[in-house]
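Written below as structure tokens is the structure these notes are about.
To find a chain, count down the sequence lines: A is the first, B the second, and so on, and within it residues start at 1. Basis for what follows: all heavy atoms, side chains included, without hydrogens, waters or symmetry-related copies.
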Amino acid sequence: MRSLIAFWIAHRAELASLLGQHVLLVAGSTLAAVAIGVPLGVFSARRPRLASPLMAVAGIVQTIPSLAMFGFLLPVPLVGGVGARAALVVLILYGLLPIVRTTIAGLRGIEPSIREAGVAMGMTPRELLRQVELPLALPSIVAGVRVAAVVGVGSTTIAAAIGAGGLGEYIYRGLSMVDTTVILAGAVPAAGLALVVDATLLWLEKQMSARRRSRSKRVAVTLAAIVAAIVTVSSVAAARRGSGAIVIGSKNFTEQLVLGELLAQAIERDAGLSVDRRLNLGGTLICERALISGDIDAYVEYTGTALTAVFHQPVTSDSSAVFDSVRALYAKSGRTLLAPLGFNNTFAILVRGRDARSAGLRTIDDAARESSHWRAGFGYEFVERPDGYRGLASAYGLRFPDPPRVMDLTLSYRALAAGQVDLIAGDATAGLIKGLDLVQLDDNRRYFPPYDAAVVARSGTLLRYPLVRSALERLSGRVSASDMRAMNYAADVEHRDIPLIVREFLAHVP
Amino acid sequence: MPAAAIEFRGVFFTRPGRARVLDDFSLTVDAGDVLALVGRSGAGKSTLLKLVNRLLLPDAGAVLVLGRDTREWEPIALRRSIGYVLQDVGLFPHMSVADNVAIVPRLERWSADRIGPRVHELLDLVGLPAAEYGSRWPDELSGGQRQRVGVARALAVDPPVLLMDEPFGALDPLTRAELHAEFRRIQSRLRKTVIIVTHDMGEAFALADRVGVLEEGKLIANERAATVAASTDPRVRRLLDAVPAIPREPGATAHP
């Protein structure tokens, strides 16, 4: 608890801007969902034949997990990609169902005699709608808006996976660092925000059902003032970040956060440009799309990953051949791969130090002998990648009694240390290897391709900003495997602040 | 010579999928007359009113309001020149009493300084002083008071024609008698052309100059009230006999 408050105090400016982004995303998507959903509800309330299929489709959309939805939208032009715009699209889609449904319910709940009286008095359909039907359906509509907004607060935390910002950034960052304090630093304000939104809209709903026009006018004015104030404050808070000349991305694990920060600080220091940090993007594919679409200008990729996961080429084990072919492939699509940073983050097949010592395990071949009574746990990516589990199993003849347990990459270190699994595939540079007393087994059959870390950037950006190019090139060959492991250790095990870790490291780079 | 304010000329009307509601139906209501149409539930009374304000159009024949075929009327303009009072009143629950009465004047874009005095005048007319009742909400009124507001609302832009659909059916007998008296007082001042539909012959006699009896889509009587009361037609008599006779208190006149 004390460390949580200390974290907030230390990160108050960042917390304010993440909270601001979160509120803006929720407010923006909810308002847009109202602007689309209420007319849609009005339109379909009178056409039962349209209403039921519409509700069915909206219901199906609602059941798609939001992370999957963000994934679907990645390759879609205009609305897709990464960042706040794509997140807004998903959040609006989620908000539509409750609003359309309650609009229809509210309109259908009006007593027929009231509508009949309006028509008989000579109201046009438009006058009837604006003066009678909408005011009477308003409490029901507000109830739908409440559901949409509260669900939106939750979905917005997931939007951090595609770089939309918001409090989810702390949650993802905490998950990748296996740091409960950082998770709570995002989760607690998000929950608080949901409660506040819920209570405010519930109050509004009650004011509306009181059917007091004069009072509800005052309520509307008050509410409009509150919303305007919130949006203004949030915009100011959110604007602390963003609007930089260069956008740096990263994937969603500790090393990538460190490297992303490293690129950003190097550019800020040596090129004197402001940098936007779009760190913690949901994975290789998301970074790749973001780089193509121009949502980010550069991030650190690993040569083996680029070859197999991005370009779908067969695996080879010669590191300079891999680098050359990846650089050529990037060059064809307008990207530039700079010289490697200096370390090879290959997959590390890890076991507990205790087991390694007692059974004398040194190589993956040694582990294959034990595999018949072991359980394995792998990250999602390792299970799917062509250079991942299936190839490894056939190269070494691994035979686990059960299929490997698929889990979050960072959690798998903890699972191994806690004895829930006996073998995992981690990163060779992970700080947790040292922190949790794990041992990396030797890839004695040279199964894994090289994973040399290197900056990949949009060629256009490098041409426009030569200083950015020289700032990034200055990092080449400067980050050794032990440097990387030490920085990861400082972040993951010592829970030190990443910008600080990077600043200390950068002080030694001329 | 009084002109016909409302006229049905050989009107046929069939609700989709149901029996014929009006079958070669003709009727004339003179300006300033009050006609009560009596019939059983389902005899087509409400349909008849809806044909007048063009909520429905006849299958054949014509309905004329103020000398014009309803087909030629612009429906919104037609409805705004016809006051409409219905049994459920249909007051708008989100508007105050005064705002409910002011609806049609507002739709007609009257100026605020014309609406205020008019609402005042109407609420006074129906016995609900504006100072006391104007700012109340419909759910704060009794059933009788709501119905008075309904009448005031129908009269707001001084329409020449008033349609009343079972207007006092849901009220207790005492309140109903009060409102009958009130209606006669108002009508004696305003001389509107009124059609009231009701299933209650007693109410018809209490309110109307003429009484029409509707059965199976046809008008089987359309006479001055006294003439209908004396009718020997068995179908009319059945409706007349349904009116409860008030038994005289025994010995009431025998007291010294």
Side-chain angles (χ1 to χ4, degrees), chain A residues 38 42 45-46 48-49 102-103 105-145 203-223, chain B residues 46 49-56 73-109 135-140 146-147 149-150 153-157 159 161-167 170:
Chain A
V38 171
V42 168
R46 292 159 189 202
R49 244 184 279 165
T102 54
T103 303
L107 290 175
R108 290 197 175 155
I110 297 171
E111 281 197 43
S113 68
I114 288 175
R115 195 174 277 127
E116 194 188 324
V119 174
M121 279 190 291
M123 285 187 166
T124 63
R126 197 187 158 82
E127 287 164 342
L128 188 68
L129 182 69
R130 289 193 34 188
Q131 297 181 24
V132 179
E133 293 178 305
L134 280 183
L136 289 177
L138 205 54
S140 173
I141 295 173
V142 172
V145 173
W203 171 79
L204 181 69
E205 197 181 319
K206 284 196 176 136
Q207 297 300 305
M208 293 293 182
S209 346
R211 293 172 173 178
R212 297 293 181 260
R213 191 207 235 177
S214 54
R215 225 200 288 170
S216 52
K217 202 176 265 172
R218 203 158 60 218
V219 167
V221 171
T222 314
L223 194 86
Chain B
S46 299
L49 294 187
K50 287 177 179 161
L51 284 161
V52 175
N53 66 4
R54 217 195 133 156
L55 289 174
L56 298 171
W73 272 95
E74 201 278 307
I76 300 299
L78 173 66
R79 286 170 203 157
R80 289 185 191 170
S81 30
I82 298 175
Y84 194 71
V85 183
L86 60 167
Q87 177 173 3
D88 301 325
V89 193
L91 291 187
F92 296 150
H94 60 296
M95 295 184 186
S96 69
V97 166
D99 285 336
N100 263 287
V101 175
I103 289 169
V104 185
R106 285 216 176 97
L107 293 177
E108 290 283 279
R109 312 242 182 277
S135 58
R136 293 214 193 165
W137 300 90
D139 57 9
E140 295 168 347
R146 273 204 284 275
Q147 199 51 269
V149 177
R153 183 173 71 172
L155 293 170
V157 291
V161 176
L162 199 57
L163 304 179
M164 305 176 90
D165 189 354
E166 309 259 2

Anything under 3.5 Å between a donor and an acceptor, one on a side chain of residues 109-116 of chain A, the other on a protein residue two or more places apart or in another chain? List them.
{"residue": "A/Arg115", "atom": "NE", "partner": "A/Glu133", "partner atom": "OE2", "Å": "2.5"}
{"residue": "A/Arg115", "atom": "NH2", "partner": "A/Leu107", "partner atom": "O", "Å": "2.8"}
{"residue": "A/Arg115", "atom": "NH2", "partner": "A/Glu133", "partner atom": "OE2", "Å": "3.2"}

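Two residues are said to be in side-chain contact when any heavy atoms from C-beta on lie closer than 4.5 Å; B/Arg106 and A/Gln131 fail this criterion. Using a 4.5 Å heavy-atom threshold, the side chains of A/Leu138 and B/His94 count as separate.
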Problem set entry | Residues B/Arg79, A/Met123; criterion side chain to side chain contact (heavy atoms under 4.5 Å, CB included); working and verdict | CA-CA 8 Å; B/Arg79 286 170 203 157; A/Met123 285 187 166; over 6 Å; no
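For B/Ile76, the parts sitting under 4.5 Å from any heavy atom of chain A are the backbone and the side chain alike. With a 4.5 angstrom heavy-atom cutoff, B/Leu91 touches chain A only via backbone atoms. With a 4.5 Å cut-off on non-hydrogen atoms, B/Arg54 does not touch chain A at all.
Within 6.0 Å of CZ on A/Arg108 lie more than 12 heavy atoms contributed by other residues, nucleotides or ligands.
For chain A, the option among B/Val157, B/Ile82, B/Leu107, B/Leu163 with the highest count of heavy-atom pairs below 4.5 Å is B/Leu107.
To the nearest 0.5 Å, the span separating CD1 on B/Ile103 from CE on A/Met121 amounts to 4.0 Å.
Nearest heavy-atom pair across B/Gly90 and A/Ala117 is O-CB, 3.6 Å.
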